[in-house]
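To start, the structure under review is shown below, and the notes come after it.
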Amino acid sequence: MSELPKTFDPAEIEARWYARWEGEGLFRPDRPDADPWTIVIPPPNVTGSLHIGHALDVTLQDILTRHARLKGKDALWVVGTDHAGIATQMVVERNLARENVTRASLGREAFTQRVWEWKAESGGQITRQLRRLGASCDWANERFTMDDGFSRAVIEAFVRLHEAGLLYRDKRLVNWDPHFRTAISDLEVETREVQGKFWHLAYPLADGSGHISVATTRPETMLADMAVAVNPSDDRYTHLVGKQIRLPITGRLIPIVTDEHADPELGSGAVKITPGHDFNDFEVGRRAGIEARDMLNMLDADARIIQTADGLVPDTLIGLDRFEARKAVVAQLEAEGTLERVEDRVIQTPYGDRSGVVIEPWLTDQWYVDAKTLAGPAIEAVRSGTIKVVPESWTKTYYNWMENIQPWCVSRQLWWGHRIPAWFAEDGRVFVARDEAQAQAQAGDGVALTRDPDVLDTWFSSALWPFGTLGWPEEGGKLPRHYPNDVLISGFDILFFWDARMIMQGLQMTGEVPFRTLYLHGLVRDATGAKMSKSKGNTVDPLGLIDRYGADALRFTLAAMESQGRDIKLDEKRVEGYRNFATKLWNASRFAQANGIGGSSGREPPAATGIVNQWIVAETQATVHRMDLAIADLRFDEAANTIYQFAWSRFCDWYLELIKGAVDEETRAVAGWVLDQILVMLHPFMPFVTEELWGLLGTRKTPLITADWPMADARAIDPAASADVKWLIRLVEEVRAARTEVNVPPAARTELMVLATARAGYTAGSAPPVPRDLIARIERLRLPLRRLARVDRAIFLNMGIEIDLETGEHLDVSRDGQGERTLGPQIVIDDMTFILPLEGVIDVGAERDRLAKALAAAAKERDALAGRLGNASFVERAKPEAVEKARADHDARAAEAERLEAALARLG
RNA sequence: GGGCGCGUAGCUCAGUGGUAGAGCACUGUGUUCACACCGCAGGGGUCGCAGGUUCAAUCCCUGCCGCGCCCACCA
């Protein structure tokens with residue numbers, strides 16, 4: 001055992017221990033007979049790098065995983081990465097662009113080959129970074145959403161959904177991203193408020209009898225208008241219903257129809273209908289009997305103007321980008337005199353969350369999942385409590401979304417992803433099958449088949465993660481033992497994207513919920529509360545924090561700040577503070593080492609007879625109990641604060657101080673045991689420094705990572721011992737405060753006079769005797785009292801007893817002499833007054849102020865309690881124990897006040 | 001428009017129907033053989049505002065003010 005330096009080097013410890021844990025398979029020790037415990041990581045994008053949100057997410061998961069492992073469970077933390085369709089395709093395309101190569105020029109085969117190559121070279125960054133954080137995942141079985149096994153699960157899920165009639169192909173409007181040229185789901189669209197305009201147009205009636213006004217934020221779509229709608233109850237337009245309009249520019253004849261969608265209160269009450277380019281209008285068109293295939297389309301995949309089916313769009317507009325087209329159309333309307341007026345207006349505009357371009361409602365054939373049907377059991381699972389959501393308040397959001405869920409568009413016009421297992425015949429028939437042979441069998445011999453070129457939404461596959469990683473659809477394996485997972489941890493920002501879809505898919509595919517508990521944490525924000533973003537430049541790099549303070553400090557910070565239902569505002573000062581905590585622990589261990597305190601032999605606390613030892617054993621057990629409760633409730637902040645307070649404020653500040661200079665065999669055993677319990681309980685939060693100290697402090701059967709979590713109630717402790725130490729702590733604190741306030745020089749040593757009377761005079765014969773049990777208590781505590789209160793002798797007035805606290809010797813003192821003692825700072829604890837005889841040394845004015853202040857506080861409290869007790873309704877109606885407590889408190893405060901008054905009187 | 005959350009010490013946040021807590025920051029101080037990334041002591045809050053329920057409200061209820069987020073087809 002080498003001597004520990006004053007501070008330690010986190011980087012060296014972290015690298016060394018992580019390599020050893022992983023190398024020795026300690027993240028997944030073989031425990032076939034233990035209770036299984038399972039969590040799956042939200043698979044980070046393979047393109048990703050660790051950001052602070054990951055750091056929080058992973059820290060919380062690692063805390064639970066390490067805790068479960070210490071509890072002896074067969075803890076499995078499934079890890080892997082997500083192929084992240086669009087994101088990855090983007091990265092590789094960008095790389096290709098540097099070589100002046102386009103995706104199209106490579107072709108699909110070669111392109112996807114390049115993506116795999118990229119993944120092999122660069123895809124490991126995020127997983128290396130997870131290791132730096134200390135994540136104890138099962139790396140030996142790392143998965144990828146596009147590995148063979150997982151891909152089989154994806155195909156299987158698709159086919160099964162199709163067989164169940166829960167997945168279908170449909171032609172309707174989708175959210176089209178013209179930048180990526182793919183459909184995206186509702187969730188991938190974010191609505192932004194942008195400054196736009198509201199154009200009022202006068203559409204002429206075909207019979208020349210006038211016009212009807214409509215207003216639009218998208219005038220260019222009038223090229224594909226197919227009707228004007230008015231509300232059936234709108235009397236203003238009844239006479240026009242059924243008449244034709246001759247559209248400006250195209251000259252198309254369109255009818256005036258009635259539809260509830262038209263709101264008489266808005267604008268003119270008449271609205272233009274463009275079924276091929278607006279979600280509302282699509283529905284209006286459907287109700288008017290227009291089939292999707294007959295709806296006019298005026299845009300191509302790049303959102304450029306194309307000729308409509310009726311050939312009426314002027315050639316001058318063909319090929320224009322949608323925004324250029326808008327200008328051109330407006331100019332022409334203005335020239336024709338059909339533009340009535342233009343208003344400025346804030347418009348809710350849909351943007352692609354990845355591309356950042358305006359999303360276009362576009363008519364295409366896509367695959368849809370019948371989310372509404374899947375949502376039923378998923379709602380029920382939460383409502384019935386089969387899945388517990390923490391914090392519970394999120395259930396409302398969950399229900400609200402689930403109950404209004406729309407069909408989920410799962411096909412994407414990309415190359416990187418799970419290719420959809422559907423084959424088309426030339427006649428338009430579609431065959432969904434597990435492979436081409438099966439599809440061919442369905443289609444019949446000789447039918448030429450072409451596979452659907454599209455791939456699946458990345459979230460379709462990640463929804464299968466909790467069971468697809470465990471071997472599903474194969475039976476057996478890890479599945480029965482580790483599914484459902486115990487808990488899932490994710491940020492609330494992916495509640496709909498991922499969590500809800502896992503629940504739906506899990507229930508549909510396995511008949512069981514994917515996890516028993518869903519824990520949702522908040523976002524990590526900067527110190528001012530702003531959302532972190534690359535563009536704002538306020539991101540905090542977790543790896544930089546690890547470099548500066550160590551992974552332990554960062555982890556502890558995130559855990560301590562993780563209170564349920566709240567975002568985290570990360571302040572680097574906090575990380576620094578917890579780095580200091582790690583150093584504190586390190587130095588406590590140095591002290592231990594220097595005093596021959598080493599590792600303990602087991603979970604059972606050593607037998608303790610000394611009061612200080614008994615006290616710390618009881619405190620330790622209480623701490624274990626609090627930790628167990630906090631972790632069971634997923635109260636990460638509470639757990640972190642509990643062990644922090646215990647280690648620093650109890651163990652270091654008091655226990656180690658109390659045992660200094662009196663480290664005997666029993667104390668060595670107890671101190672070693674307590675320190676070990678601290679290391680174990682702290683290990684999930686600060687795995688590295690605790691593991692290092694565990695190794696340095698003793699010869700161990702096992703590294704800390706696979707040690708045993710403490711038992712809360714290992715040994716019954718005599719409560720009297722705790723009472724002694726708690727009393728001592730109060731006395732020492734009061735003595736220190738008194739000394740400081742009256743400016744006693746820090747180095748000065750005093751005597752401690754003990755006085756059992758409230759009366760001002762304390763000369764010989766005037767005071768009652770000091771209770772024997774107090775004398776005995778002081779004798780028991782004499783050494784720590786001597787050391788911490790800086791008193792050498794206890795003088796029991798009127799008892800003829802003085803005790804030398806160093807030796808415990810009773811000095812023979814004549815009764816008469818005792819009344820002549822000088823005055824000094826006075827301390828009142830319960831029914832006892834203590835005096836530090838320092839007359840002449842102290843600042844009498846300051847002492848008077850101090851006592852007066854204490855008296856005022858005690859009197860105020862006494863009077864408040866007296867008032868309460870004087871209230872008849874309180875005595876009658878309050879809980880009896882509340883009344884009793886008020887009485888006891890009142891009496892204690894009254895006694896204290898009385899003694900403080902006497903103390904003041906003694907000062908003269 | 002609907003929903004959720006927040007408003008407690010200078011800052012970041014816990015918390016409880018019955019005398020307000022932590023960390024950081026701040027002030028003073030350094031006797032002590034682990035630690036100045038430390039010790040000891042201290043100052044600092046009408047718990048957003050207004051009503052209500054209650055013997056008692058920072059905590060429960062209602063309203064209001066302020067802040068944040070999510071969802072939603074006013075063309």
Side-chain angles (χ1 to χ4, degrees), chain A residues 4 6-7 191 198 214-218 229 261-263 265-268 270-274 278-284 347-348 361 391 393-394 396-397 399-401 404 492-493 495-496 522-523 525 527-529 531 549 553 557 560-561 563 565-571 573-574 576-595 635 637-638 641 644-645 649 652-653 656-657 660-661 733 736-741 743 745-749 787-788 790 857 860-862 864-865 868 871-879 881-883 885-886 889 893:
Chain A
L4 304 181
K6 266 189 177 184
T7 57
T191 307
F198 201 39
V214 295
T216 180
T217 56
R218 300 203 53 196
H261 166 64
D263 183 345
E265 305 293 317
L266 293 175
S268 68
V271 57
K272 67 191 266 311
I273 301 297
T274 321
D278 181 280
F279 288 104
N280 287 313
D281 295 3
F282 180 83
E283 296 303 325
V284 175
I347 300 167
Q348 309 280 327
S393 59
W394 281 105
K396 208 154 185 173
T397 307
Y399 296 141
N400 189 41
W401 187 70
N404 296 294
F492 65 73
D493 52 328
L495 173 60
F496 304 145
L523 266 44
R525 297 169 178 278
T528 67
K531 201 166 166 173
Y549 303 104
T557 304
M561 297 185 83
S563 59
R566 197 166 186 137
D567 287 346
I568 290 179
K569 284 181 203 162
L570 189 66
D571 185 348
K573 293 292 287 179
R574 203 66 188 260
E576 187 186 330
Y578 291 124
R579 186 272 320 265
N580 295 351
F581 176 51
T583 307
K584 183 80 181 176
L585 193 71
W586 184 266
N587 281 300
S589 301
R590 290 178 68 221
F591 172 82
Q593 199 183 49
N595 284 276
R635 287 301 310 253
D637 57 341
E638 199 165 301
N641 288 326
Y644 178 93
Q645 292 297 340
S649 304
C652 291
D653 286 351
L656 293 185
E657 294 303 324
K660 271 181 186 171
E733 283 176 341
R736 284 169 172 171
R739 289 172 57 110
T740 303
E741 291 215 16
N743 301 314
R749 301 193 64 87
R787 186 183 154 73
L788 299 180
R790 304 191 69 73
K860 186 181 165 199
E861 187 57 29
R862 176 197 62 199
L865 288 161
R868 196 187 296 169
N871 181 343
S873 336
F874 173 70
V875 180
E876 280 167 32
R877 313 184 66 158
K879 288 172 296 189
E881 54 270 32
V883 178
K885 181 172 189 303
D889 288 352
R893 289 315 212 173

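Note on naming: letters A, B, ... go to the chains in the order of the sequence lines (proteins, then strands), and numbering restarts at 1 for each one.
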Q) Across all strands shown, which nucleotide pairs with B:rG1 by Watson-Crick or G-U wobble geometry, both distances under 3.5 Å? A)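 B:rG1 is paired with B:rC71.
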
Candidates [options] - which lies nearest the side chain of [X]:
X      : options                : value
A:R590 : B:rA41, B:rG5, B:rC35  : B:rC35
A:T7   : B:rA14, B:rC37, B:rA41 : B:rC37
A:A588 : B:rA34, B:rU29, B:rC55 : B:rA34
A:K569 : B:rA22, B:rC13, B:rU32 : B:rC13
A:H261 : B:rU32, B:rC35, B:rA75 : B:rA75
A:T217 : B:rG18, B:rC35, B:rA75 : B:rA75

(Q) Using a 3.5 Å distance criterion without hydrogens, assess whether the side chain of A:N400 forms a donor-acceptor pair with backbone atoms of A:K396. (A) no

What distance, rounded to whole Å, do you find between the two [atom1] atoms, one in [N] and one in [M]?
N      : M      : atom1 : value
B:rC49 : B:rC11 : P     : 15 Å
B:rA22 : B:rG2  : P     : 42 Å
B:rG7  : B:rA14 : C1'   : 15 Å
B:rG15 : B:rG5  : P     : 14 Å
B:rA41 : B:rC65 : P     : 47 Å
B:rU8  : B:rC13 : C1'   : 9 Å
B:rC47 : B:rG42 : C1'   : 23 Å
B:rG44 : B:rG1  : C1'   : 44 Å

(Q) Taking any heavy-atom pair under 4.0 Å as a contact, classify A:A878: base, sugar-phosphate, or nothing. (A)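 Base contact.
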
(Q) Base, sugar-phosphate or nothing for A:K879? Non-hydrogen atoms, less than 4.0 Å. (A)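 Answer is base: heavy atoms of A:K879 come under 4.0 Å of a base.
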
Q. Any donor-acceptor pair under 3.5 Å joining the side chain of A:R574 to the base of B:rC24?
A.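 Donor-acceptor pair under 3.5 Å: no.
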
Q.
Whether the side chain of A:K396 and the base of B:rC4 hold a donor-acceptor pair under 3.5 Å is what I'd like checked.
A. no

Q: With A:K584 as the cation and A:Y644 as the aromatic partner, state whether NZ or CZ is under 6.0 Å from the six-membered ring centre and within 45° of the axis.
A: no

Q) So, for A:A588 and A:C652, which heavy atoms are closest and what is the spacing to 0.1 Å? A)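 Looking at all heavy atoms of both residues, the shortest contact is CB-SG, 3.7 Å.
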
Q. Using a cut-off of less than 4.0 Å, is there contact between a side-chain N or O of A:R877 and OP1 or OP2 of B:rC55?
A.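 For B:rC55, OP1 or OP2 has a side-chain N or O of A:R877 closer than 4.0 Å.
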
